[in-house]
Amino acid sequence: MARIVVLGAGFAGLWAAIGAARKRDEVGAAGRDIEIRIVDRNPYHNIRVRNYELDLSEVALPLGQLLDPIGVTHGIGEVEAIDPARHEISLVTSDGEETLGYDRLVLALGSEVMRPDIPGLADHAFDVDTYIAALRLEDHLASLGRSVPSPGRSTVVVVGAGFTGIEVAAEMPDRLARAGITGSRRIILVDPNPTVGATIGAHARPVIEAALSSLDIETRLGARVASVEAAGVHLSSGEFIAAQTVIWCAGLRASRLATSFPGARDRLGRLLVDPFMRVADLRGVFAAGDVASSVVDGLHPTVMSCQFARPMGRFAGHNVVADLLRLPMLPLRIDWYVTVLDLGSWGALYTEGWDREVRTTGQAAKATKQIINRKRIYPPLNGSKDELFAAAAPTVQAPPPTYGVDRTR
């Protein structure tokens with residue numbers, strides 16, 4: 001029996017596994033001797049892009065609910081190493097060390113927040129990179145809400161004024177209120193760049209600045225974190241901000257296991273893949289999601305987001321089975337790009353194109369963001385094999401809907 005192993009159950013990995021099962025089912029008898037196995041360190045699929053939100057109750061979906069109906073085996077394990085020459089994966093599971101062989105591999109281990117060697121960062125800072133980390137932050141805020149007022153109790157410092165940091169900061173007023181931290185509060189965004197949202201573009205910046213101002217969020221731009229302690233954070237400017245909550249959102253990097261493979265990687269450590277999601281010059285290995293970079297429109301490489309991870313996964317899953325059976329593969333091409341940035345109770349920002357032209361803002365854009373976060377990026381949850389396979393078809397969705405033009409905020 002031939003074995004396809006998918007490493008990682010995030011947006012790319014989950015859809016690669018479902019896509020592979022769909023193609024296996026489609027080919028009928030030819031696919032009966034193909035095993036599809038997915039390995040992740042967790043028994044759930046994390047809707048990771050929602051980890052910043054107020055309500056975390058629906059962001060961890062049990063893998064069994066999604067994979068058992070389609071005959072995909074799944075196991076919990078920490079990937080320690082990959083040997084592409086031997087087609088072997090070294091895992092640590094609850095039973096100890098294990099070696100797992102494969103005939104075809106889909107690498108979908110995603111990305112992780114970059115944590116530089118800053119004194120105190122590992123011990124005192126929070127993040128929302130994983131579901132466990134998001135729960136830890138939620139528990140911390142709830143604990144602060146139950147505590148007596150003290151210096152820095154009602155101050156939150158968010159480090160990194162990029163996409164994640166802005167969303168975390170904008171959601172924080174509501175999160176503090178839910179935790180019972182009322183009255184005078186401070187939320188401060190820190191970033192070494194001279195502007196907020198430096199990578200989001202000049203068109204979007206006035207909207208972001210207006211939203212942050214409306215939410216009373218302060219900024220410390222052109223400043224770096226020198227050290228973190230339980231009582232607060234020291235900045236390179238010499239300023240000390242008393243804060244019992246420091247949240248690190250300063251950039252992502254591809255899984256370190258991408259270095260297991262020879263060949264080119266980009267500045268984020270991502271493996272370069274072709275339009276079929278094959279790792280360049282490496283037979284039998286596919287990659288998708290944040291660990292991979294693919295030029296999807298002839299000019300622009302993918303960015304680390306579920307917008308690209310989901311279709312990359314669907315096409316990788318389809319193609320890995322096709323490759324195993326020597327059938328034609330399908331290239332991925334995506335001719336549109338949008339950004340929908342959550343700005344808390346102020347609303348959201350919806351941009352179109354790689355130059356990020358503003359399309360809608362405020363509550364109109366918020367409606368689109370909620371459709372994305374609560375419906376569009378979710379797999380079918382009713383256990384229907386047919387619906388799961390339909391959702392995993394190797395196609396590209398149309399852009400998300402817009403709801404009027406709201407630029408009056």
Side-chain angles (χ1 to χ4, degrees), residues 48-49 51-53 111-122 124-129 133-134 137 152 154-173 175-176 185-229 231-254 267-269 290 303-305 339-344 346-349 351 355-356 358 361:
R48 186 186 187 192
V49 297
N51 286 348
Y52 71 92
E53 289 188 11
S111 60
E112 58 189 10
V113 67
M114 291 187 286
R115 296 177 177 87
D117 189 19
I118 294 174
L121 179 66
H124 301 298
F126 297 85
D127 63 73
V128 294
D129 194 42
L137 174 60
S154 58
T155 298
V156 177
V157 174
V158 180
V159 184
F163 203 98
T164 301
I166 291 170
E167 291 195 325
V168 167
E171 189 82 349
M172 198 51 60
R175 296 193 69 172
L176 291 176
R185 298 174 301 198
R186 295 181 72 194
I187 302 162
I188 304 168
L189 260 176
V190 176
D191 196 278
N193 290 294
T195 60
V196 295
T199 62
I200 302 176
H203 299 296
R205 192 168 303 127
V207 178
I208 297 170
E209 291 172 345
L212 296 179
S213 176
S214 175
L215 295 169
D216 294 323
I217 295 172
E218 304 174 39
T219 59
R220 298 292 188 275
L221 302 174
R224 297 180 180 274
V225 172
S227 64
V228 184
E229 56 188 63
V233 58
H234 292 271
L235 302 183
S236 57
S237 62
E239 180 182 7
F240 175 76
I241 303 174
Q244 294 184 31
T245 307
V246 177
I247 308 172
W248 188 262
C249 304
L252 297 172
R253 187 169 182 81
R267 64 181 181 83
L268 299 175
D290 286 4
V303 300
M304 289 182 171
S305 76
T339 298
V340 190
L341 178 70
D342 199 339
L343 293 168
W346 185 90
L349 165 69
T351 72
D355 57 354
R356 294 189 170 97
V358 175
T361 64

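Quantities reported herein were computed from a predicted structural model and do not represent experimental measurements.
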Test side-chain contact (heavy atoms from CB on, under 4.5 Å) applied to [X] - qualifying residues, sequence neighbours left out:
X: S111; value: R48, L252, D290, M304
X: A226; value: H234
X: P116; value: I118, L121, W248
X: A133; value: D127, T130

Taking the side chain as C-beta and beyond, is there a heavy-atom pair between [X] and [Y] under 4.5 Å?
X: L221; Y: V196; result: yes
X: V225; Y: V157; result: no
X: I187; Y: L189; result: no
X: N51; Y: D129; result: no
X: R175; Y: V156; result: no

Listed by chain and number, what are the salt bridge (Lys or Arg N to Asp or Glu O under 4.0 Å) partners of D191, not counting sequence neighbours?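 For D191, no residue satisfies salt bridge (Lys or Arg N to Asp or Glu O under 4.0 Å) once neighbours in sequence are set aside.
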
Pairs touching residues 158-171 that satisfy side chain to side chain donor-acceptor pair (under 3.5 Å), sequence neighbours left out: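 Checked against side chain to side chain donor-acceptor pair (under 3.5 Å) - neighbours excluded - the pairs reaching residues 158-171 are E167-K369.
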
Evaluate the side-chain contact (heavy atoms from CB on, under 4.5 Å) criterion for residues V158 and C249: first the C-alpha distance (whole Å), next the side-chain angles of each, then the deciding distance (0.1 Å), finally the verdict. CA-CA 7 Å; V158 180; C249 304; 4.0 Å; yes

To the nearest 0.5 Å, what is the distance between [atom1] on [X] and [atom2] on [Y]?
X: I208; Y: T361; atom1: CD1; atom2: OG1; result: 11.5 Å
X: I200; Y: T339; atom1: CD1; atom2: OG1; result: 7.5 Å
X: L212; Y: I166; atom1: CG; atom2: CD1; result: 6.0 Å

Nearest heavy atoms of [X] and [Y], plus distance in Å:
X: A202; Y: P206; value: O-CD, 3.2 Å
X: R253; Y: R267; value: NH1-O, 2.9 Å
X: L235; Y: A223; value: CD1-CB, 4.4 Å

Please list all pairs meeting salt bridge (Lys or Arg N to Asp or Glu O under 4.0 Å) that have one or both residues in residues 200-210, counting only residues at least two apart or in different chains.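 Of all non-adjacent pairs touching residues 200-210, none passes salt bridge (Lys or Arg N to Asp or Glu O under 4.0 Å).
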
Just grab all the salt bridge (Lys or Arg N to Asp or Glu O under 4.0 Å) pairs involving residues 214-227, residues at least two apart or on different chains.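 Sorted pair list: R186-E218, E218-R220, R220-E239.
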
Sequence-distant partners of T245, side chain to side chain donor-acceptor pair (under 3.5 Å), two or more places apart: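 Listed in chain order: H140.
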
Residues two or more places apart in sequence or in another chain: which of them pass side chain to side chain donor-acceptor pair (under 3.5 Å) with D342?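 For D342, the residues satisfying side chain to side chain donor-acceptor pair (under 3.5 Å) (neighbours in sequence not counted) are Y52, K366.
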
Test of understanding: with ring-ring contact (aromatic ring centres under 6.0 Å, His included), list the residues that count as partners of F163, not counting sequence neighbours.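 ring-ring contact (aromatic ring centres under 6.0 Å, His included) check on F163 returns nothing, list empty.
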
Mind checking what makes ring-ring contact (aromatic ring centres under 6.0 Å, His included) contact with H124, not counting sequence neighbours?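 Partners of H124 by the ring-ring contact (aromatic ring centres under 6.0 Å, His included) criterion come out as none, since no residue qualifies.
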
Go through it in stages, so that I can follow the logic: the residues are W346 and V207, the test is side-chain contact (heavy atoms from CB on, under 4.5 Å), and I'd like the CA-CA distance, side-chain angles, deciding distance and then a yes or no. CA-CA 10 Å; W346 185 90; V207 178; 3.6 Å; yes

